[in-house]
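Written out below as structure tokens is the structure these notes cover.
Letters A, B, ... are given to chains in the order of the sequence lines, protein chains preceding strands, and every chain is numbered from 1. What you see is a predicted model; the values in this text were computed from it and never measured.
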Amino acid sequence: MAGEDATFLRPAPIPPRAPPRGVRGPIPWLRRNLFSSPANTVTTILVLLFLAWTIPPLIRWAFIDAAWTGEDRSVCLDGGACWAFIGAKINLILYGQYPPAERWRVVVVAVLFIAGVVPLAIPKVPGKRWNVVYLLIAFPVIAFMLLTGIGVGLRHVPTDRWGGLFVTLVTAVFGIVISLPLGILLALGRRSRLPVVRWLSAGFIELWRGVPLVAVLFMASVMLPIFLPPGVTFDKLLRAMLCIAIFYSAYMAEVVRGGLQAIPKGQYEGSMALGLSFLQRMRLVIMPQALTVVIPGIVNTFIALFKDTSLIMVIGLFDLLGMLKSATNDSDWASPSVPATAYVFAGLIFWIFCFGLSRYSIFIERRLERGRQRR
Amino acid sequence: MTVTDRSAATSATAIEMTGVNKWFGAFHALRDIDLRVRRGERIVICGPSGSGKSTLIRCINALENHQSGRIVVDGIVMSHDHQRIDEIRRDVGMVFQQFNLFPHLTILENCTLAPAWVRKMPRAEAEALAMRFLERVKIPEQANKYPGQLSGGQQQRVAIARALCMSPRIMLFDEPTSSLDPEMVKEVLDVMVSLAEEGMTMVVVTHEMGFARQVADRVIFMDEGQIIEENAPEAFFTNPRHERTKLFLSHILR
């Protein structure tokens, strides 16, 4: 402070200087992040103790005491995980009761699917439009014909023979592909200026959101046949797939609506003032922004959907979990460690897929953020 | 062009509002507005906040619907018909207080969006057009950046270029400099002045009285949803007649 003299004139400009050197290296990092205060230190020690208590037994169970190979229950009696059981049942776990001679069809469809999804998922690969056309139009038709055998002169495999991871993936992919566009339409409908459209959309969303998925599946399997004329059947798996897709489209609609509400009114007005039509405004201006905002919510819903496909077990379909559960009933493999192994394995497979989805969504979010560089 | 009366479109009148009324719920926002804007005329609308000036110009491109009265824009009679409204919007450019650029698109994409999708212009042609207008507003070097990377003044100039890319016959400005830092106001006003000098029909809601003096053919003062006074700028500023106008001017011209 210059006393009574309130004037000041900078004699020379201050050049920019480098920031003070930070404390680097692992030891300072530990001190700063894990032992910065007494409470923090106590927490760190408690967590370490907890890990020391839980991790070694888990490793012993999963690896050291585990039986990796074997032909029947005799190898699995000493308490460790029974991976030999998984090995023995792997075809059942992957394909269900799909006839062994026809399993190559499932593999071909899986390869065709991966060939479509991988280039779509990598931002740098060009030709996204054709990629989407392939995945949404060509692939479903080919997959349907190959898997059922209808229309291609292959042996017909009815869907009650389908099972295992294969059915889990078919149901999940179908649900994901249907629920997002349907959810977008419902979200737009719920915000429509036309009251009838608004009421119908809101009613549809609230109806499906208000009922447990298990109840929906039971109703579809038990009640639908009552309403259909006698003799008309409706494939059970397709029914379950539709139920899951529609059920989750209601959730998706609310996620998307959240995104729409986050878009400032000015974006609507700016695009209206340019003379863009409603569909152009939504497609080019509003949706790209709204969907970006709610990527975490969308992926969250996808993950929930993926896991809930295992509920189709309750109406007698055998997804990955159902197949593993029924495989544990095999008396050749009756051992206390077999069910535990089966459920841990199912959990692991679900986790791998869901974690992959989650990581991919984070990658996309980061990428969009970098492209945009908002201040 | 079913609803366009060509003789009217080429006539001397750009905008004609007759007995226009607008309510927000029970609030009477616009009261018996009569306004005729000639082609090539520059109108500045001012007034205290809540006086209805923004609502008035937003009725011209149907961002707000009026409930009674008649609006004819560029020979097209306003109705609730979407096609007719879109037709008007294609001919009327608008610049907003908050810029309303699309943050997920680059500057160039912001400018080519409407020409490409509304006018069905080929991509290369739309980009050439956009670059021409970005040069007009003196920021061609920012073409591949995103709006968030630009200053407020630059964003507003992009917004003007974006509107010009649709080759509008009329430009509406809704407080274009009100959310800018003081040092950026001039760069935006300069673009608007040059636009006025080229003969663009402009309706500008602003408190920039310097701009009004320099550019406007007519200044309109609004209060409580009504047009209180209108006059040529010199007369308006030096000799306001209505008490309300005098009070308003004494507040803003300190």
Side-chain angles (χ1 to χ4, degrees), chain A residues 123 126-129 184 188-189 191-197 256 258-298 361 364-375, chain B residues 54 57-58 60-65 80 82-106 109-120 144-152 155 158-159 162-168 171-172 174 179:
Chain A
K128 291 278 180 277
R129 178 177 303 218
I184 291 173
L188 289 176
R191 287 168 58 92
S192 170
R193 275 192 302 173
L194 309 171
V196 176
V197 176
V256 173
L260 289 173
Q261 275 168 350
I263 305 302
K265 212 169 144 231
Q267 293 292 308
Y268 292 89
E269 294 181 348
S271 50
M272 274 194 241
L274 287 168
L276 293 165
S277 69
F278 175 80
L279 284 179
Q280 288 170 337
R281 293 199 297 269
M282 289 302 138
R283 198 185 129 197
L284 303 167
V285 177
I286 305 301
M287 277 303 163
Q289 297 184 64
L291 295 181
T292 309
V293 173
V294 293
I295 284 177
I298 292 173
S361 88
I364 288 296
E365 272 175 60
R366 293 235 172 98
R367 194 172 166 277
L368 289 173
E369 245 167 59
R370 204 171 48 228
R372 210 146 302 167
Q373 285 183 1
R374 291 220 183 125
R375 288 188 296 180
Chain B
S54 282
I57 71 164
R58 288 157 60 86
I60 296 172
N61 66 350
L63 289 185
E64 303 287 358
N65 296 319
H80 292 297
H82 283 290
Q83 286 204 329
R84 197 174 292 199
I85 288 174
D86 282 343
E87 202 174 327
I88 290 176
R89 285 174 179 165
R90 266 173 257 155
D91 279 354
V92 179
M94 187 164 198
V95 175
F96 299 86
Q97 181 177 352
Q98 299 296 340
F99 328 136
N100 295 349
L101 295 178
F102 307 133
H104 63 301
L105 300 177
T106 64
E109 288 165 343
N110 264 279
C111 294
T112 56
L113 188 76
W117 290 89
V118 179
R119 298 249 190 255
K120 312 289 177 208
N144 292 314
K145 289 194 181 165
Y146 286 88
Q149 296 167 274
L150 269 55
S151 72
Q155 289 195 47
V158 172
R162 179 175 77 175
L164 291 177
C165 282
M166 286 294 282
S167 322
M171 284 287 284
L172 307 175
D174 189 0
S179 61

Atom [atom1] in [X], atom [atom2] in [Y]: separation rounded to 0.5 Å?
X       : Y       : atom1 : atom2 : value
M94(B)  : M272(A) : CE    : CE    : 11.0 Å
L105(B) : Q289(A) : CG    : CD    : 7.5 Å
R281(A) : F102(B) : CZ    : CZ    : 10.0 Å

Where [X] and [Y] come nearest, the two heavy atoms and their spacing:
X       : Y       : answer
R89(B)  : G275(A) : CB-CA, 3.8 Å
P288(A) : H104(B) : CB-CD2, 3.6 Å
L276(A) : D86(B)  : O-OD1, 4.2 Å
A163(B) : L274(A) : CA-CD2, 4.5 Å
F96(B)  : A273(A) : CZ-CB, 3.9 Å

Next item on the list: Sort Q280(A) into side chain, backbone, both or neither according to what part of it lies under 4.5 angstrom from a heavy atom of chain B.
Entry: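 Contact with chain B is through the side chain of Q280(A) alone.
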
Notebook entry, point to check: D174(B): what forms a side-chain hydrogen bond (donor to acceptor under 3.5 Å, both in side chains) with it, not counting sequence neighbours?
Noted result: S54(B)

Item checked: Sequence-distant partners of K145(B), side-chain hydrogen bond (donor to acceptor under 3.5 Å, both in side chains), two or more places apart ->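 side-chain hydrogen bond (donor to acceptor under 3.5 Å, both in side chains) check on K145(B) returns Q142(B).
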
Notebook entry, point to check: Are the side chains of S277(A) and H82(B) in touch, meaning some heavy atoms are under 4.5 Å apart?
Noted result: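 No - every pair of side-chain heavy atoms lies 4.5 Å or more apart.
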
Check: Any chance NZ of K120(B) has more than 12 other-residue heavy atoms, nucleotides or ligands included, within less than 6.0 Å?
Finding: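 Yes.
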
Can you tell which part of [X] gets under 4.5 Å to a heavy atom of chain A, answering side chain, backbone, both or neither?
X       : value
R162(B) : both
I85(B)  : neither
V95(B)  : neither

